[in-house]
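Remarks on the structure that follows.
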2 protein chains.
Amino acid sequence: MDQRTPLPKPRRSDATRATILQAARQRFAMDGYERATIRAIAADARIDPAMVMRYFESKEKLFSLAVEFDLRLPDLTAVPRDQVGAAMVGHFLDMWEADDTLQVLLRTGVTNDAAAERMRSIFAAQLAPMIVEFTGEPALAPNRAVLVGSQVLGMALCRYILKLPPAVAMSREEIVGWLGPTLQRYLTEKALSSR
Amino acid sequence: MDQRTPLPKPRRSDATRATILQAARQRFAMDGYERATIRAIAADARIDPAMVMRYFESKEKLFSLAVEFDLRLPDLTAVPRDQVGAAMVGHFLDMWEADDTLQVLLRTGVTNDAAAERMRSIFAAQLAPMIVEFTGEPALAPNRAVLVGSQVLGMALCRYILKLPPAVAMSREEIVGWLGPTLQRYLTEKALSSR
DNA sequence: GTCTATAATTCGATAGAC
DNA sequence: GTCTATCGAATTATAGAC
(Lines give C-alpha, C1' and ligand atoms only; values in the text may rest on other atoms or scores of the structure.)
Protein backbone atom coordinates (compact mmCIF):
# COMPACT_ATOMS: atom_id res chain seq x y z
CA MET A 1 0.00 0.00 0.00
CA ASP A 2 1.30 3.43 -0.87
CA GLN A 3 2.59 5.99 1.56
CA ARG A 4 0.79 9.26 2.04
CA THR A 5 1.69 12.39 3.90
CA PRO A 6 0.70 11.87 7.54
CA LEU A 7 -1.73 14.25 9.10
CA PRO A 8 -0.69 16.35 12.09
CA LYS A 9 -1.27 14.57 15.34
CA PRO A 10 -3.96 16.31 17.38
CA ARG A 11 -4.21 16.71 21.11
CA ARG A 12 -7.89 16.81 21.87
CA SER A 13 -10.16 13.86 21.49
CA ASP A 14 -12.68 15.61 19.26
CA ALA A 15 -9.86 16.67 17.03
CA THR A 16 -8.74 13.05 17.04
CA ARG A 17 -12.16 12.02 15.81
CA ALA A 18 -11.99 14.55 13.00
CA THR A 19 -8.51 13.44 12.05
CA ILE A 20 -9.58 9.81 11.89
CA LEU A 21 -12.65 10.70 9.84
CA GLN A 22 -10.61 12.68 7.36
CA ALA A 23 -8.05 9.90 6.99
CA ALA A 24 -10.88 7.39 6.61
CA ARG A 25 -12.49 9.44 3.84
CA GLN A 26 -9.21 9.62 1.98
CA ARG A 27 -8.57 5.91 2.27
CA PHE A 28 -12.11 4.93 1.35
CA ALA A 29 -11.94 7.33 -1.59
CA MET A 30 -8.65 5.90 -2.82
CA ASP A 31 -8.99 2.18 -2.13
CA GLY A 32 -12.69 1.47 -1.75
CA TYR A 33 -14.31 -0.15 1.25
CA GLU A 34 -12.63 -3.55 1.32
CA ARG A 35 -9.06 -2.49 0.66
CA ALA A 36 -9.19 0.47 3.03
CA THR A 37 -8.05 -1.16 6.28
CA ILE A 38 -8.38 0.14 9.81
CA ARG A 39 -4.64 -0.22 10.13
CA ALA A 40 -3.95 1.97 7.09
CA ILE A 41 -6.43 4.61 8.22
CA ALA A 42 -4.86 4.64 11.66
CA ALA A 43 -1.39 4.95 10.17
CA ASP A 44 -2.51 7.93 8.06
CA ALA A 45 -3.98 9.58 11.14
CA ARG A 46 -0.81 8.71 13.09
CA ILE A 47 -2.80 6.99 15.75
CA ASP A 48 -3.05 3.50 17.17
CA PRO A 49 -5.42 1.19 15.29
CA ALA A 50 -7.12 0.27 18.55
CA MET A 51 -8.07 3.91 19.01
CA VAL A 52 -10.01 3.90 15.78
CA MET A 53 -12.11 1.06 17.13
CA ARG A 54 -12.51 2.86 20.44
CA TYR A 55 -13.81 5.99 18.76
CA PHE A 56 -16.00 4.40 16.09
CA GLU A 57 -16.74 0.88 17.42
CA SER A 58 -16.52 -0.82 14.02
CA LYS A 59 -15.29 -0.30 10.49
CA GLU A 60 -18.86 -0.25 9.24
CA LYS A 61 -19.88 2.58 11.59
CA LEU A 62 -16.75 4.51 10.71
CA PHE A 63 -17.66 4.17 7.05
CA SER A 64 -21.26 5.25 7.52
CA LEU A 65 -20.06 8.40 9.29
CA ALA A 66 -17.46 9.00 6.60
CA VAL A 67 -20.09 9.11 3.85
CA GLU A 68 -22.57 11.19 5.84
CA PHE A 69 -22.43 14.68 4.43
CA ASP A 70 -24.71 17.16 2.74
CA LEU A 71 -24.34 17.96 -0.91
CA ARG A 72 -23.99 21.67 -1.43
CA LEU A 73 -26.16 22.05 -4.49
CA PRO A 74 -26.31 25.36 -6.31
CA ASP A 75 -29.37 27.58 -6.36
CA LEU A 76 -30.57 27.13 -9.90
CA THR A 77 -33.11 29.92 -9.61
CA ALA A 78 -30.23 32.40 -9.33
CA VAL A 79 -28.85 31.78 -12.82
CA PRO A 80 -30.40 32.65 -16.21
CA ARG A 81 -32.52 29.83 -17.57
CA ASP A 82 -30.46 29.35 -20.71
CA GLN A 83 -27.21 29.01 -18.76
CA VAL A 84 -28.36 26.54 -16.15
CA GLY A 85 -26.70 23.57 -17.86
CA ALA A 86 -23.27 25.14 -18.05
CA ALA A 87 -23.58 26.48 -14.51
CA MET A 88 -24.36 23.03 -13.20
CA VAL A 89 -21.41 21.40 -14.96
CA GLY A 90 -19.10 24.01 -13.51
CA HIS A 91 -20.53 23.57 -10.06
CA PHE A 92 -20.08 19.80 -10.11
CA LEU A 93 -16.52 20.14 -11.40
CA ASP A 94 -15.81 22.40 -8.44
CA MET A 95 -17.26 19.82 -6.06
CA TRP A 96 -15.24 16.96 -7.50
CA GLU A 97 -12.00 18.86 -7.28
CA ALA A 98 -12.61 20.53 -3.93
CA ASP A 99 -12.28 17.42 -1.81
CA ASP A 100 -12.72 13.65 -2.03
CA THR A 101 -16.19 13.28 -0.52
CA LEU A 102 -17.77 12.57 -3.89
CA GLN A 103 -14.98 10.18 -4.82
CA VAL A 104 -15.78 8.14 -1.71
CA LEU A 105 -19.32 7.50 -2.88
CA LEU A 106 -18.31 6.65 -6.43
CA ARG A 107 -15.43 4.39 -5.40
CA THR A 108 -17.37 2.49 -2.75
CA GLY A 109 -20.91 2.65 -4.11
CA VAL A 110 -20.02 0.17 -6.80
CA THR A 111 -19.39 -2.71 -4.38
CA ASN A 112 -20.81 -1.47 -1.07
CA ASP A 113 -24.55 -1.45 -0.71
CA ALA A 114 -24.59 1.11 2.09
CA ALA A 115 -22.81 3.59 -0.16
CA ALA A 116 -25.13 2.77 -3.05
CA GLU A 117 -28.13 3.38 -0.81
CA ARG A 118 -26.57 6.68 0.22
CA MET A 119 -26.35 7.63 -3.46
CA ARG A 120 -29.96 6.69 -4.10
CA SER A 121 -30.91 8.84 -1.12
CA ILE A 122 -28.96 11.82 -2.44
CA PHE A 123 -30.65 11.59 -5.82
CA ALA A 124 -34.13 11.29 -4.36
CA ALA A 125 -33.84 13.69 -1.43
CA GLN A 126 -31.54 16.40 -2.74
CA LEU A 127 -31.05 16.44 -6.50
CA ALA A 128 -34.61 15.68 -7.59
CA PRO A 129 -36.28 18.22 -5.24
CA MET A 130 -33.91 20.92 -6.47
CA ILE A 131 -34.97 20.19 -10.03
CA VAL A 132 -38.62 20.29 -8.99
CA GLU A 133 -38.05 23.72 -7.56
CA PHE A 134 -36.43 24.77 -10.81
CA THR A 135 -38.88 23.31 -13.31
CA GLY A 136 -42.05 23.46 -11.23
CA GLU A 137 -43.18 20.07 -12.46
CA PRO A 138 -42.59 17.12 -10.08
CA ALA A 139 -43.46 14.43 -12.62
CA LEU A 140 -40.31 14.35 -14.71
CA ALA A 141 -37.92 15.51 -11.99
CA PRO A 142 -36.63 12.04 -10.98
CA ASN A 143 -35.90 11.26 -14.61
CA ARG A 144 -34.14 14.59 -15.15
CA ALA A 145 -32.12 14.04 -11.98
CA VAL A 146 -30.97 10.63 -13.17
CA LEU A 147 -30.10 11.94 -16.62
CA VAL A 148 -28.06 14.79 -15.19
CA GLY A 149 -26.49 12.46 -12.65
CA SER A 150 -25.59 9.86 -15.24
CA GLN A 151 -23.65 12.35 -17.35
CA VAL A 152 -21.94 13.99 -14.39
CA LEU A 153 -21.06 10.72 -12.69
CA GLY A 154 -19.92 9.23 -15.99
CA MET A 155 -17.53 12.08 -16.68
CA ALA A 156 -16.25 11.95 -13.09
CA LEU A 157 -15.70 8.22 -13.48
CA CYS A 158 -13.68 8.67 -16.66
CA ARG A 159 -11.72 11.68 -15.45
CA TYR A 160 -11.06 11.10 -11.74
CA ILE A 161 -11.40 7.34 -11.24
CA LEU A 162 -10.47 5.54 -14.46
CA LYS A 163 -8.25 8.45 -15.49
CA LEU A 164 -8.81 7.99 -19.21
CA PRO A 165 -6.07 10.17 -20.76
CA PRO A 166 -8.36 12.28 -22.99
CA ALA A 167 -10.73 12.90 -20.06
CA VAL A 168 -7.84 13.97 -17.84
CA ALA A 169 -6.41 16.21 -20.56
CA MET A 170 -9.66 18.05 -21.27
CA SER A 171 -9.79 21.57 -19.89
CA ARG A 172 -12.56 22.81 -17.66
CA GLU A 173 -13.82 25.00 -20.50
CA GLU A 174 -13.99 22.04 -22.87
CA ILE A 175 -15.95 19.95 -20.41
CA VAL A 176 -18.38 22.78 -19.72
CA GLY A 177 -18.68 23.42 -23.46
CA TRP A 178 -19.54 19.81 -24.26
CA LEU A 179 -21.57 18.79 -21.21
CA GLY A 180 -23.30 22.14 -20.66
CA PRO A 181 -25.76 21.80 -23.57
CA THR A 182 -26.41 18.19 -22.57
CA LEU A 183 -27.44 19.10 -19.03
CA GLN A 184 -29.32 22.11 -20.39
CA ARG A 185 -31.46 19.78 -22.45
CA TYR A 186 -31.92 17.26 -19.64
CA LEU A 187 -33.06 20.03 -17.32
CA THR A 188 -35.29 22.09 -19.62
CA GLU A 189 -36.56 20.06 -22.58
CA LYS A 190 -40.29 19.53 -22.21
CA ALA A 191 -40.55 16.01 -23.55
CA LEU A 192 -38.84 13.52 -25.79
CA SER A 193 -38.26 14.77 -29.29
CA SER A 194 -39.47 12.48 -32.03
CA ARG A 195 -36.92 10.96 -34.40
CA MET B 1 4.57 -40.82 -44.15
CA ASP B 2 3.29 -37.31 -43.84
CA GLN B 3 3.35 -35.41 -40.67
CA ARG B 4 0.47 -33.03 -40.06
CA THR B 5 -0.36 -30.80 -37.20
CA PRO B 6 -2.88 -32.57 -35.04
CA LEU B 7 -6.11 -30.79 -34.28
CA PRO B 8 -6.36 -29.59 -30.73
CA LYS B 9 -8.10 -32.45 -29.08
CA PRO B 10 -10.98 -31.21 -26.97
CA ARG B 11 -10.19 -32.38 -23.51
CA ARG B 12 -12.29 -32.57 -20.43
CA SER B 13 -10.14 -29.90 -18.89
CA ASP B 14 -11.15 -27.35 -21.53
CA ALA B 15 -14.78 -27.51 -20.51
CA THR B 16 -13.77 -27.23 -16.88
CA ARG B 17 -11.69 -24.17 -17.66
CA ALA B 18 -14.61 -22.55 -19.46
CA THR B 19 -16.96 -23.31 -16.59
CA ILE B 20 -14.61 -21.76 -14.07
CA LEU B 21 -14.07 -18.69 -16.26
CA GLN B 22 -17.79 -18.12 -16.62
CA ALA B 23 -18.38 -18.46 -12.89
CA ALA B 24 -15.47 -16.11 -12.26
CA ARG B 25 -16.89 -13.46 -14.57
CA GLN B 26 -20.25 -13.61 -12.84
CA ARG B 27 -18.70 -13.35 -9.38
CA PHE B 28 -16.35 -10.55 -10.34
CA ALA B 29 -19.25 -8.73 -12.01
CA MET B 30 -21.47 -9.08 -8.95
CA ASP B 31 -19.05 -8.61 -6.06
CA GLY B 32 -15.98 -6.87 -7.46
CA TYR B 33 -12.44 -8.16 -7.22
CA GLU B 34 -11.88 -8.27 -3.46
CA ARG B 35 -15.19 -9.78 -2.39
CA ALA B 36 -15.24 -12.37 -5.16
CA THR B 37 -13.45 -15.28 -3.49
CA ILE B 38 -11.93 -18.34 -5.08
CA ARG B 39 -14.16 -20.42 -2.83
CA ALA B 40 -17.32 -18.74 -4.06
CA ILE B 41 -16.28 -19.05 -7.69
CA ALA B 42 -15.47 -22.73 -7.18
CA ALA B 43 -18.81 -23.29 -5.49
CA ASP B 44 -20.64 -21.67 -8.41
CA ALA B 45 -18.74 -23.89 -10.85
CA ARG B 46 -19.44 -26.91 -8.62
CA ILE B 47 -15.76 -27.71 -8.41
CA ASP B 48 -13.11 -27.94 -5.72
CA PRO B 49 -11.41 -24.63 -4.87
CA ALA B 50 -8.01 -26.26 -5.26
CA MET B 51 -8.85 -27.02 -8.88
CA VAL B 52 -9.31 -23.33 -9.62
CA MET B 53 -5.77 -22.73 -8.45
CA ARG B 54 -4.53 -25.70 -10.45
CA TYR B 55 -6.05 -24.35 -13.65
CA PHE B 56 -5.29 -20.64 -13.23
CA GLU B 57 -2.37 -20.55 -10.76
CA SER B 58 -3.57 -17.46 -8.91
CA LYS B 59 -6.62 -15.27 -8.39
CA GLU B 60 -4.92 -12.44 -10.21
CA LYS B 61 -4.28 -14.52 -13.34
CA LEU B 62 -7.81 -15.84 -13.25
CA PHE B 63 -9.06 -12.28 -13.12
CA SER B 64 -6.89 -11.09 -15.97
CA LEU B 65 -8.25 -13.90 -18.15
CA ALA B 66 -11.80 -13.13 -17.04
CA VAL B 67 -11.60 -9.54 -18.30
CA GLU B 68 -9.90 -10.47 -21.56
CA PHE B 69 -12.54 -10.30 -24.25
CA ASP B 70 -13.24 -8.42 -27.44
CA LEU B 71 -15.83 -5.70 -27.53
CA ARG B 72 -18.16 -6.04 -30.48
CA LEU B 73 -18.64 -2.48 -31.55
CA PRO B 74 -21.24 -1.58 -34.19
CA ASP B 75 -20.34 -0.54 -37.72
CA LEU B 76 -21.24 3.12 -37.68
CA THR B 77 -20.80 3.46 -41.43
CA ALA B 78 -23.83 1.25 -41.94
CA VAL B 79 -26.34 3.62 -40.34
CA PRO B 80 -27.60 7.00 -41.58
CA ARG B 81 -25.52 9.87 -40.26
CA ASP B 82 -28.38 11.55 -38.44
CA GLN B 83 -29.32 8.37 -36.59
CA VAL B 84 -25.88 7.35 -35.40
CA GLY B 85 -26.43 8.61 -31.86
CA ALA B 86 -29.63 6.66 -31.28
CA ALA B 87 -28.14 3.57 -32.92
CA MET B 88 -25.17 3.68 -30.60
CA VAL B 89 -27.30 4.03 -27.48
CA GLY B 90 -29.36 1.04 -28.54
CA HIS B 91 -26.29 -1.01 -29.29
CA PHE B 92 -24.73 -0.33 -25.90
CA LEU B 93 -28.00 -1.13 -24.13
CA ASP B 94 -27.99 -4.46 -25.92
CA MET B 95 -24.44 -5.14 -24.82
CA TRP B 96 -25.13 -4.29 -21.20
CA GLU B 97 -28.15 -6.55 -21.02
CA ALA B 98 -26.76 -9.41 -23.07
CA ASP B 99 -24.23 -10.65 -20.54
CA ASP B 100 -22.15 -9.41 -17.63
CA THR B 101 -18.81 -8.82 -19.36
CA LEU B 102 -19.25 -5.05 -19.29
CA GLN B 103 -20.40 -5.14 -15.70
CA VAL B 104 -17.15 -6.83 -14.75
CA LEU B 105 -15.10 -3.92 -16.01
CA LEU B 106 -17.30 -1.28 -14.41
CA ARG B 107 -17.55 -3.06 -11.06
CA THR B 108 -13.84 -3.86 -10.78
CA GLY B 109 -12.28 -0.99 -12.72
CA VAL B 110 -13.11 1.40 -9.90
CA THR B 111 -10.75 -0.26 -7.41
CA ASN B 112 -8.63 -2.61 -9.52
CA ASP B 113 -5.94 -1.01 -11.63
CA ALA B 114 -5.67 -3.94 -14.04
CA ALA B 115 -9.33 -3.54 -14.93
CA ALA B 116 -8.94 0.24 -15.22
CA GLU B 117 -6.01 -0.24 -17.58
CA ARG B 118 -8.15 -2.65 -19.60
CA MET B 119 -10.78 0.08 -19.90
CA ARG B 120 -8.25 2.67 -21.01
CA SER B 121 -7.07 0.19 -23.61
CA ILE B 122 -10.59 -0.36 -24.91
CA PHE B 123 -11.17 3.36 -25.28
CA ALA B 124 -7.87 3.98 -27.06
CA ALA B 125 -7.69 0.85 -29.22
CA GLN B 126 -11.30 0.16 -30.13
CA LEU B 127 -13.71 3.04 -29.46
CA ALA B 128 -11.53 5.93 -30.66
CA PRO B 129 -10.43 4.22 -33.92
CA MET B 130 -14.03 3.43 -34.74
CA ILE B 131 -14.92 7.09 -34.35
CA VAL B 132 -11.97 8.05 -36.53
CA GLU B 133 -13.31 5.77 -39.23
CA PHE B 134 -16.70 7.42 -38.86
CA THR B 135 -15.69 11.08 -38.75
CA GLY B 136 -12.51 10.93 -40.80
CA GLU B 137 -10.72 13.30 -38.45
CA PRO B 138 -8.34 11.70 -35.94
CA ALA B 139 -7.76 14.87 -33.93
CA LEU B 140 -10.97 15.03 -31.93
CA ALA B 141 -11.66 11.28 -31.87
CA PRO B 142 -10.21 10.60 -28.38
CA ASN B 143 -12.30 13.41 -26.97
CA ARG B 144 -15.44 12.20 -28.72
CA ALA B 145 -14.79 8.69 -27.48
CA VAL B 146 -14.48 9.87 -23.90
CA LEU B 147 -17.62 12.00 -24.17
CA VAL B 148 -19.64 9.11 -25.57
CA GLY B 149 -18.13 6.74 -23.03
CA SER B 150 -18.83 9.03 -20.12
CA GLN B 151 -22.54 9.24 -20.93
CA VAL B 152 -22.89 5.53 -21.67
CA LEU B 153 -20.90 4.40 -18.63
CA GLY B 154 -22.71 6.91 -16.44
CA MET B 155 -26.12 5.63 -17.43
CA ALA B 156 -24.97 2.03 -17.00
CA LEU B 157 -23.66 2.92 -13.56
CA CYS B 158 -26.97 4.45 -12.51
CA ARG B 159 -29.14 1.76 -14.07
CA TYR B 160 -27.26 -1.52 -13.61
CA ILE B 161 -24.86 -0.92 -10.71
CA LEU B 162 -26.34 1.70 -8.37
CA LYS B 163 -29.86 0.78 -9.47
CA LEU B 164 -31.27 4.26 -9.01
CA PRO B 165 -35.04 3.68 -9.17
CA PRO B 166 -35.78 6.22 -11.94
CA ALA B 167 -32.93 4.83 -14.04
CA VAL B 168 -34.21 1.28 -13.60
CA ALA B 169 -37.77 2.32 -14.39
CA MET B 170 -36.93 4.13 -17.62
CA SER B 171 -37.86 2.24 -20.76
CA ARG B 172 -35.44 1.46 -23.53
CA GLU B 173 -37.22 3.99 -25.76
CA GLU B 174 -36.92 6.72 -23.15
CA ILE B 175 -33.20 6.14 -22.73
CA VAL B 176 -32.62 6.15 -26.46
CA GLY B 177 -34.78 9.26 -26.77
CA TRP B 178 -32.82 11.20 -24.17
CA LEU B 179 -29.28 9.91 -24.74
CA GLY B 180 -29.52 9.57 -28.52
CA PRO B 181 -29.29 13.30 -29.30
CA THR B 182 -26.50 13.63 -26.75
CA LEU B 183 -24.33 11.01 -28.43
CA GLN B 184 -25.34 12.39 -31.82
CA ARG B 185 -23.86 15.74 -30.84
CA TYR B 186 -20.74 14.21 -29.27
CA LEU B 187 -20.11 12.23 -32.46
CA THR B 188 -20.92 14.78 -35.14
CA GLU B 189 -20.68 18.35 -33.83
CA LYS B 190 -17.72 20.05 -35.44
CA ALA B 191 -16.50 22.11 -32.52
CA LEU B 192 -17.62 23.68 -29.29
CA SER B 193 -20.57 25.98 -29.65
CA SER B 194 -20.14 29.42 -28.14
CA ARG B 195 -22.43 30.52 -25.38
C1' DG C 1 -7.53 -35.38 -11.97
C1' DT C 2 -9.58 -34.75 -7.36
C1' DC C 3 -9.72 -33.67 -2.76
C1' DT C 4 -8.08 -33.15 2.27
C1' DA C 5 -5.28 -30.77 5.22
C1' DT C 6 -2.87 -27.01 6.25
C1' DA C 7 0.55 -23.31 5.75
C1' DA C 8 1.03 -18.29 5.70
C1' DT C 9 -1.19 -13.82 5.82
C1' DT C 10 -4.20 -10.41 6.80
C1' DC C 11 -8.06 -8.47 8.75
C1' DG C 12 -11.52 -6.72 12.25
C1' DA C 13 -12.17 -6.79 16.87
C1' DT C 14 -11.20 -7.59 22.03
C1' DA C 15 -8.87 -7.78 26.59
C1' DG C 16 -6.33 -5.65 29.71
C1' DA C 17 -2.08 -3.38 31.55
C1' DC C 18 -0.49 1.27 32.38
C1' DG D 1 -6.64 7.84 26.81
C1' DT D 2 -3.00 4.93 24.89
C1' DC D 3 -0.82 0.94 23.58
C1' DT D 4 0.63 -4.17 23.48
C1' DA D 5 -0.74 -8.51 22.64
C1' DT D 6 -3.65 -11.51 20.70
C1' DC D 7 -7.90 -13.85 19.28
C1' DG D 8 -10.89 -15.77 15.72
C1' DA D 9 -12.19 -15.74 11.22
C1' DA D 10 -11.37 -15.50 6.41
C1' DT D 11 -8.39 -15.50 2.62
C1' DT D 12 -4.91 -17.17 -1.03
C1' DA D 13 -1.96 -20.66 -1.86
C1' DT D 14 0.70 -25.11 -1.28
C1' DA D 15 1.76 -30.04 -0.25
C1' DG D 16 0.64 -34.39 -0.83
C1' DA D 17 -2.39 -38.57 -0.43
C1' DC D 18 -5.51 -41.26 -3.34
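All chains are named by letter (A, B, ...) in the order of the sequence lines, taking the proteins before the strands, and each is independently numbered beginning at 1.
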**OP:** To the nearest Å, give me how far apart CG (B:Asp31) and P (D:dT11) are.
**Re:** 11 Å
Original post:
Does B:Arg120 pair with B:Asp113 as a salt bridge, N-O distance under 4.0 Å?
Top reply: yes
Original post:
Quick one: A:Glu34 CD to C:dG12 C1', roughly how many Å, whole number?
Top reply: 13 Å
Original post:
Among the nucleotides D:dT4, C:dT2, D:dG1, which one has an atom lying closest to any side-chain atom of B:Met51?
Top reply: C:dT2
**OP:** Could you check if a side-chain atom of A:Leu157 sits within less than 4.5 angstrom of a side-chain atom of A:Leu164, using non-hydrogen atoms only?
**Re:** no
Original post:
Checking B:Arg107 against B:Tyr33: charged group under 6.0 Å from the ring centre and within 45 degrees of the axis?
Top reply: no
Using a cutoff of under 3.5 Å, can you pull out all pairs of nitrogen or oxygen atoms linking the protein to nucleotides 13-18 of chain D, with atom names and distances?
residue, atom, partner, partner atom, Å
D:dA13, OP2, B:Lys59, N, 2.7

Original post:
Between atom OH in A:Tyr55 and atom C1' in D:dG1, what is the gap in whole Å?
Top reply: 7 Å
Subject >> d(OH, A:Tyr33; C1', C:dC11) in whole Å >> reply: 11 Å
**OP:** When you get a sec, tell me which of C:dG1, D:dC3, C:dC11 is the closest nucleotide to the side chain of B:Arg54?
**Re:** C:dG1
Original post:
Nearest heavy-atom pair of B:Met53 and B:Ser58: which atoms, and what distance?
Top reply: CE-CA, 3.8 Å
Original post:
Whole Å only: how far is the CD1 atom of A:Ile47 from the P atom of D:dC3?
Top reply: 7 Å
**OP:** State whether the number of non-hydrogen atoms from other residues, nucleotides or ligands found under 6.0 Å of B:Glu133 atom CD is greater than 12.
**Re:** no
**OP:** Could you tell me whether the side chain of A:Arg159 and the main chain of A:Pro166 form a donor-acceptor pair under 3.5 Å?
**Re:** no
**OP:** Report the distance from atom CZ of B:Arg35 to atom P of C:dC11, rounded to the nearest whole Å.
**Re:** 17 Å
Original post:
How many Å lie between CZ on A:Arg46 and P on D:dG1, as a whole number?
Top reply: 18 Å
